[in-house]
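Structure first, then comments.
Source: prediction; values computed, not measured. Counting starts at 1 for both ligands and their atoms, in listed order.
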Amino acid sequence: MERLNHILELLYDRGEGFFSLEELSAAAGVEPADMNEHLEALREKGQELELTPHRGVRLVRPVRLDPHLIERGLETRRIAKSVLCFSEVDSTNDVAFDSVLQGGTDGLVVLGEFQRLGRGRLGRRWICPPGANILLSVLLINSKAALSHEALTIAAGLAVSEAIEDACGLGSQLRWPNDVLLEGAKTAGVLVELRNISAQRAAVVGIGINANASPDPAQVDMPATDIAEHLGHPVERTEVIRALLARLDGWIVTIEAGELERLHERWVARCGMMNQRVTVLSGGRRHVGRVLDVSPLEGLVLSCDDGRRVHLPAAGSTLDSCES
Ligand code: BT5
């Protein structure tokens, strides 16, 4: 396995370039006669390889998600010590919760190439074609961060926005409570869920990012987009995921240390909703007013048209409309 990971790493790091089979064998310390067997094993793991007699071999980009490529050299403190990638699941959030009873460790990261039953908040669906985008869940067990659903939700959105900038150089905006937008269209969503499982408090931070494909417009109720559309070329998901895990790790450590002001400042700086007039459906009521703030503990702070000042929690709230 180690040797196979090494070959995968060599091919990945060469980008669009080819390796001659002799050069690859020498770099990996493999007998040239055995190389075909290793390449076949990579194919069986789901990687697509391009082999030509004159130029040699290269990985077809963007590559299939692989735990080794995601984990290697990642300097996280709290999460991603263990990464699992699945071809098809019902929901990566469910896999993360189910893992608690099977010895799943705190910080476990679950990725799926496809979700049969991907979910959004409040019974809505998350739509995503196979093999193109990022469907990721992080499991936190008995974490102090799980005490604040609110803070975790906004931290995850901020981490996505930062990761898109780190990995792709694109600026994005945050829309409370859980959306990341590129030029006003939804590119990513966050779903934080909490459950008690055999006397443990489990929190799962679920994140969906449209990397290389957008959902059919007929299936979503707001404009949607993907990163590749804005870059003008496909995006390597592995790089976005690595950047995301590094950023999310930092914010989870920050929340656990109770340093919420920094989270607050960074979030508000990327959110275009301050002082805008919005309509929010929350707890069965409709609230209309101007946005005063987004608090990491209390949610959206709204100065309502009827003179009330309300705090609306992320869980159970939906932004209905937003005007400047
Ligand atoms: C969200 O819900 O935005 C949370 C999405 C979380 C998805 C991740 S994927 C990994 C993990 N496993 C899961 O099962 N879920 C998480 P919400 O704010 O309720 O937004 C849902 C709405 O966004 C839908 O009703 C659609 O209108 C729209 N939508 C669905 N799929 C979309 C997509 N791929 N891109 C943009 N908009 C989408």
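Protein residues with a heavy atom closer than 4.0 Å to ligand 1 are Ser91, Thr92, Asn93, Gln115, Gly118, Arg119, Gly120, Arg121, Arg124, Arg125, Trp126, Ile127, Leu135, Leu136, Ser137, Asn178, Lys186, Gly189, Val190, Leu191, Gly206, Ile207, Gly208, Asn210, Pro215, Val220, Asp221, Ala224, listed by chain and number.
Here Asp305 pairs with Arg277 in a salt bridge; the nearest charged N to carboxylate O distance falls below 4.0 Å. Classification of Glu9 and Arg14 as a salt-bridged pair fails, no side-chain N sitting under 4.0 Å from a carboxylate O. Between Glu16 and Arg61 no salt bridge is recorded (no basic side-chain N to carboxylate O distance below 4.0 Å). Comment: Lys45 does not engage Glu40 in a salt bridge, judged by the lack of any side-chain N to carboxylate O separation of less than 4.0 angstrom. With salt bridges taken as basic N to acidic carboxylate O contacts below 4.0 Å, one links Arg195 and Asp94.
Among residues at least two apart or in separate chains, side-chain hydrogen bond (donor to acceptor under 3.5 Å, both in side chains) pairs with a member in residues 243-257 are Arg78-Glu256, Ser143-Glu256, Glu162-Trp251, Asp166-Arg247, Thr254-Arg262.
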